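Beneath this line is the structure, given in structure tokens, with notes to follow.
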Amino acid sequence: MTDLGGLFRAAGVTGFLHAVDLDTGAEVAHGADEPVVMASVFKLALLVEFFRQADAGRLDVTERITVMADRHTPGPTGVSAMADDVTMSLRDLAYLMIAVSDNTAADTLVGRVGLSAVNTMLAAEGLDGTWVEHDCRSLFASIVEDAGQEEMPTDPATISRLRALDPARTSRSTPRDMTRLLGMVWRDEAASAASCASMRRLLGLQVWPHRLAAGFPYDDVAVSGKTGTLPTVRNEVGVVEYPDGGRYAVAVFTRSYGTAQNQPRADAVIGTAARAAVERLRG
């Protein structure tokens with residue numbers, strides 16, 4: 001049996017994991033109930049509430065909205081990286097938020113959906129370990145304020161004082177809460193069946209292959225997920241689906257010992273640990 005703690009230590013991280021068979025309920029846990037920093041994983045909860053509001057008729061996913069260039073939230077992808085005003089549907093903003101973790105798309109949806117509504121939904125579903133504290137703009141503003149610089153810090157002393165890396169003061173969850181939320185999406189319990197199918201499609205379009213998907217390099221195994229990244233933080237939550245019908249929700253959250261922005265071992269161990277957990281579940 002693979003030692004998950006050993007895998008994480010060898011990669012230079014502290015790791016927290018929960019994996020569950022979505023049909024039998026069998027699980028593998030490693031620090032599964034510990035509070036962890038969500039980073040961009042919060043966008044999964046926002047996605048769920050977005051589609052629930054669409055189901056309730058409180059918003060139209062096809063509504064077109066213009067995002068002004070001078071209102072972009074910092075970020076390297078999607079609308080955040082574009083030079084001009086952009087007009088697109090709310091639904092397409094949701095796509096960019098998930099597929100490339102577009103921060104401007106996420107914050108635009110927060111403006112329509114409301115963080116209070118997201119937190120009300122989480123509480124109503126019994127996800128008591130999960131709380132979304134702020135949008136991306138406010139998150140980055142807190143980092144700039146705490147670090148005293150515009151660039152993402154790498155100095156250990158600076159990183160140690162960032163509120164964004166303290167689960168008690170930032171958007172937080174637990175690995176178990178995230179696999180529960182994913183299970184709701186995959187079982188058509190998070191919203192209407194059509195909306196859950198739309199969410200599964202978007203999560204399946206995420207472009208990043210270097211974390212969860214790296215553990216399952218097979219053409220016939222589908223991996224859908226959402227990453228999260230901050231200084232020393234590398235996360236991904238998602239669902240792995242095998243051709244025999246097996247489907248497994250996995251949430252892996254890590255904190256690296258080192259402070260370098262480039263953390264390939266931390267990225268890779270997410271897939272390695274997830275695969276070890278899923279193989280344990282498959283017997």
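Note that the structure is a prediction, hence the values are computed from the model and not measured. Sequence positions, counted from 1, serve as the residue numbers for this chain.
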- [ ] Please step through side chain to side chain donor-acceptor pair (under 3.5 Å) for the pair S138 and D135, ending with a clear verdict.
- [x] CA-CA 6 Å; S138 297; D135 63 9; 3.0 Å; yes

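By the 4.5 Å heavy-atom criterion applied to side chains, L109 and L46 are counted as neighbours. Side-chain atoms of F51 and L202, non-hydrogen and from C-beta on, do get closer than 4.5 Å to each other. Residues T229 and R234 are in side-chain contact: their nearest non-hydrogen atoms beyond the backbone lie under 4.5 Å apart. Between L203 and L44 there is a side-chain heavy-atom pair separated by less than 4.5 Å.
A salt bridge is absent between R180 and E125: the closest approach of a Lys/Arg side-chain nitrogen to an acidic carboxylate oxygen does not fall below 4.0 angstrom. Using a 4.0 Å cut-off between charged side-chain N and carboxylate O, E27 and R176 make a salt bridge.
Every residue was checked against the side chain to side chain donor-acceptor pair (under 3.5 Å) condition with S171, not counting sequence neighbours, and none meets it. Residues forming a ring pair (Phe, Tyr, Trp, His ring centres under 6.0 Å) with H72 (at least two apart in sequence, or on another chain): none. Contacts of F8 classified as ring pair (Phe, Tyr, Trp, His ring centres under 6.0 Å), with partners at least two apart in sequence or in another chain: H30. Taking Y242 as the reference, Y248 meet the ring pair (Phe, Tyr, Trp, His ring centres under 6.0 Å) condition, with sequence neighbours excluded. Contacts of D55 classified as side chain to side chain donor-acceptor pair (under 3.5 Å), with partners at least two apart in sequence or in another chain: S192, S195.
A donor and an acceptor atom, one from each side chain of H134 and S142, are nowhere located under 3.5 Å apart.
Atom CZ in F50 sits 7.5 Å away from atom CG in L47 (nearest 0.5 Å). Taking CZ from R169 and CZ from R163, the interatomic distance works out to 7.0 Å, rounded to the nearest 0.5 Å. Here the straight-line distance linking atom CG of D70 with atom CG of D85 works out to 7.5 Å at 0.5 Å rounding. Separating the CZ atom in R52 from the OG1 atom in T120 is a distance of 10.5 Å, to the nearest 0.5 Å.
In the hydrophobic clustering (ILVMFWY side chains linked at under 4.5 Å, chained through shared members), L230 is joined by V37, L139, F140, I143, M152, I159, L162, L165, V233.
Heavy-atom neighbours of R201 CZ from other residues, nucleotides or ligands within 6.0 Å: at or below the threshold of 12.
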